[in-house]
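Following: one structure in structure tokens, then a few remarks.
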Amino acid sequence: MVYYAIHVHLVFRSTIHKPEELIGQFKSYTSRKLIGLIEDNMQESRREWLLNSFKKAGAANSNNTKNQFWQQHNNPIELWSPTVIQQKMDYTHDNPVEAGFVENDYEYLYSSARDYCGIKGLVKVIID
């Protein structure tokens with residue numbers, strides 16, 4: 001049986017930490033906070049289903065003791081050239097289109113593709 005966990009694509013830079021460390025800290029912090037928000041929100045119609053899914057996924061993973069929110073594997077890729085950066089940004093922006101959530105990348109509310117089309121997104125994006 002396959003249990004689904006959440007995944008995200010990030011483009012970030014740090015001069016202090018290794019990517020694996022930042023990703024681990026991000027996943028640990030956000031999973032605790034988001035699961036807590038779901039647990040506390042009695043109005044969430046999928047609450048029991050979500051919590052049960054995270055619990056089953058956690059039980060299927062020997063690295064966890066309780067819940068599996070994020071996918072276990074990470075795939076950090078060094079963005080060493082403008083061409084590689086653009087390729088990864090295009091891939092990230094195309095993800096919701098490929099999944100069938102939207103027809104155009106800028107229509108996905110949680111995508112930075114909006115910022116590249118002149119539409120204010122939900123997260124501050126710095127475009128160099």
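Counting non-hydrogen atoms of other residues, nucleotides and ligands closer than 6.0 Å to NZ of Lys120 gives a total above 12.
Every residue two or more places apart in sequence or in another chain was checked for a ring pair (Phe, Tyr, Trp, His ring centres under 6.0 Å) with Phe101, and none qualifies. Among residues two or more places apart in sequence or in another chain, the side-chain contact (heavy atoms from CB on, under 4.5 Å) test is passed with Ser81 by Thr83, Val84. Every residue two or more places apart in sequence or in another chain was checked for a side chain to side chain donor-acceptor pair (under 3.5 Å) with Asp94, and none qualifies. Among residues two or more places apart in sequence or in another chain, the side chain to side chain donor-acceptor pair (under 3.5 Å) test is passed with Gln87 by none.
The minimum heavy-atom distance between Val125 and Asp115, with the atom names listed, is CG2-OD2, 3.4 Å. Across every non-hydrogen atom of Glu107 and Val102, the tightest pair is OE1-CB, 3.7 Å. For the pair Pro76 and Glu20, the tightest heavy-atom approach, listed with the atom from each and the gap, is CG-OE2, 4.3 Å. Here the shortest heavy-atom pairing between Ala113 and His93 reads N-NE2, 3.1 Å.
Ile85 and Tyr116 fall within the same hydrophobic cluster, defined by Ile, Leu, Val, Met, Phe, Trp and Tyr side-chain heavy atoms under 4.5 Å apart, directly or through other members. Residues Val97 and Tyr110 are members of one and the same hydrophobic cluster, defined by side-chain heavy-atom contacts under 4.5 angstrom among Ile, Leu, Val, Met, Phe, Trp and Tyr. In the hydrophobic clustering of this structure, Ile119 does not group with Leu109; members are Ile, Leu, Val, Met, Phe, Trp, Tyr whose side-chain heavy atoms approach within less than 4.5 Å, directly or through other members.
Contact annotation: the side chain of Leu22 approaches that of Gln25 to within less than 4.5 Å [non-hydrogen atoms, C-beta and beyond]. By the 4.5 Å heavy-atom criterion applied to side chains, Met89 and Ser112 are counted as neighbours.
Note: Asn95 CG to Ser111 OG = 9.0 Å, rounded to the nearest 0.5 Å. A distance of 8.5 Å separates CG of Asp105 from CG of Asp90, quoted to the nearest 0.5 Å. Rounding to the nearest 0.5 Å gives a distance of 4.0 Å between CD1 of Ile77 and NZ of Lys88.
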For residues 31-40, which side-chain donor-acceptor pairs fall under 3.5 Å, sequence neighbours excluded?
from, atom 1, to, atom 2, distance (Å)
Ser31, OG, Lys27, O, 2.8
Ser31, OG, Ser28, O, 3.1
Arg32, NH1, Ser28, O, 3.3
Arg32, NH1, Ser28, OG, 2.5

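Every pair passing ring pair (Phe, Tyr, Trp, His ring centres under 6.0 Å) that includes a residue from residues 14-41 is listed here, sequence neighbours excluded: Phe26-Trp70.
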